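All chains are named by letter (A, B, ...) in the order of the sequence lines, taking the proteins before the strands, and each is independently numbered beginning at 1. In this text the structure is predicted, and so the values were computed from the model without any measurement.
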Protein chains: 2
Amino acid sequence: MRIGELAVRTDSDVDTIRYYEKIGILPKAARTEGNYRHYGEAYVERLRFVRHCRALDMTLDEIRLLLRFRDTPEADCAEVNALLDEHIGHVTTRIAALTELEKELRGLRRKCRRVQQARDCGILAGLATDSQAGRPRKKQHIAGTH
Amino acid sequence: MRIGELAVRTDSDVDTIRYYEKIGILPKAARTEGNYRHYGEAYVERLRFVRHCRALDMTLDEIRLLLRFRDTPEADCAEVNALLDEHIGHVTTRIAALTELEKELRGLRRKCRRVQQARDCGILAGLATDSQAGRPRKKQHIAGTH
DNA sequence: GAAAACCCTGGAGCCACTCCAGTGTCAATG
DNA sequence: CATTGACACTGGAGTGGCTCCAGGGTTTTC
């Protein structure tokens, strides 16, 4: 099949597929005479694996490692378990941070219940004060809210 | 004060401060004879406001809007309230998505309790199957876990 | 007066895509 | 057989919010 069909079948974007190939997440595709990429079922499986991992919010580097294990079935999978444990830890941490954040935002929101002049808006005032709550000091592994 | 002291006092990085100036979040700083930026207390306040908003995971565009309100005290603050409500909504949504994700990851982790050959690893097998759970179809406003 | 600490600019790099312009290929019509 | 339209190709730029760097200049301290 060609890249468009592959994209549909794996719920990906054609640009994403080409990108994965370029950075070596996926092997170089075979080409037709007219220089179109064409793919077989094994490729579909591999791409689905990748997309599933991405849906679980793993980085491409993590996925690269998992793919190596997939490709060497005689290796032992302790590292796979470790990777997943670490990843779960990141997610858990991020949930806690966001929950804290949500609490602070709701507190802030309560400071301005009615429409008034910005001069007197409790929210703007709240944002100007030096609250330290939920202040992530270092770059967090699990990203922000945008 | 110079940029280094400002950075310490606002818990920012000097590069970040220069970056904010460049993209117009902060006004152009005054310069000394030797071409060093120098700042007064109002600038400290403004930067603290920005850092506080960032700690609350707002985008720089959102912050730009809030700064405009800060600068026009006679305007009414309905938009500030709306911005915050929307932001809270994003955070709440993201928490729900991550919680779902965590559940799926823990389920996946249970599939491989002991170290074995990758061939038989339940995690790799689980990642290869076409589970749809937690599949974010569209770009999420609140970002991922990395 | 020399060394260390600080500051300057412009530009590249990060992640994981996403979008684009300009061009080429191919299957189905007129 | 020519045209149209859908699809594909490449290389490069853009996203957000920084972060880091090279190669220089300035200021402070000993």
Whole-Å distance between dT19(D) C1' and Tyr19(B) OH? 11 Å
CD1 of Ile17(B) versus P of dT19(D): gap in Å, rounded? 12 Å
Between dT27(D) (P) and Glu5(B) (CD): distance, integer Å: 16 Å
Considering only heavy side-chain atoms of Tyr36(A), the closest of dA8(D), dT19(D), dG17(D) is dA8(D)
Measure the distance from NZ on Lys28(B) to C1' on dT9(C) and round it to the nearest whole Å. 12 Å
OP1 or OP2 of dG11(C) versus the side-chain N and O atoms of Arg18(B): is any pair under 4.0 Å? no
Report yes if at least one side-chain N or O of Arg37(B) is closer than 4.0 Å to OP1 or OP2 of dC8(C); otherwise report no. yes
Whole Å only: how far is the CD atom of Glu33(A) from the C1' atom of dA27(C)? 16 Å
Met58(B) has an atom CE; how far is it from atom P of dC18(D), in whole Å? 14 Å
Quick one: is dT18(C) close enough that its OP1 or OP2 comes under 4.0 Å of any side-chain N or O from Thr16(A)? yes
5'-most by nearest nucleotide on DNA chain D - Asn35(B) or Asn35(A): Asn35(A)
If we count only N and O atoms by modelled type, under 3.5 Å, do the side chains of Arg51(A) and Tyr20(A) hold a donor and an acceptor together? yes
When the distance from NE2 of His38(A) to P of dA8(D) is rounded to whole Å, what number comes out? 14 Å
Nearest whole angstrom, please: distance from the P of dT27(D) to the CE of Met1(B). 18 Å
Apply side chain to side chain donor-acceptor pair (under 3.5 Å) to Thr92(B) and Arg106(A), showing your working. CA-CA 11 Å; Thr92(B) 305; Arg106(A) 289 194 193 281; 3.1 Å; yes
With respect to the side chain of Arg54(A), which nucleotide from dA16(C), dC9(D), dC18(D) is positioned closest? dA16(C)
Any Arg31(B) side-chain nitrogen or oxygen under 4.0 Å from OP1 or OP2 of dG25(D): no
Where each residue is assigned the nucleotide of DNA chain C containing its nearest heavy atom, which of Gly4(B) and Lys22(B) is assigned the position nearer the 5′ end? Gly4(B)
DNA chain D: Tyr39(A) or Asp15(B), which has the more 5' nearest nucleotide? Tyr39(A)
Short side-chain N/O contact to dC18(D) OP1/OP2 from Tyr20(B), under 4.0 Å: yes
Tell me if the CZ atom of Arg110(B) is crowded by more than 12 foreign heavy atoms within 6.0 Å. no
Taking atom CD1 of Ile88(B) and atom CG of Leu108(A), what is their separation to the nearest 0.5 Å? 7.5 Å
Of the nucleotides dT19(D), dC8(C), dC18(D), which has the atom closest to the Leu60(B) side chain? dC18(D)
Nearest-0.5 Å distance that lies between atom CZ in Arg37(A) and atom CZ in Arg31(A): 4.0 Å
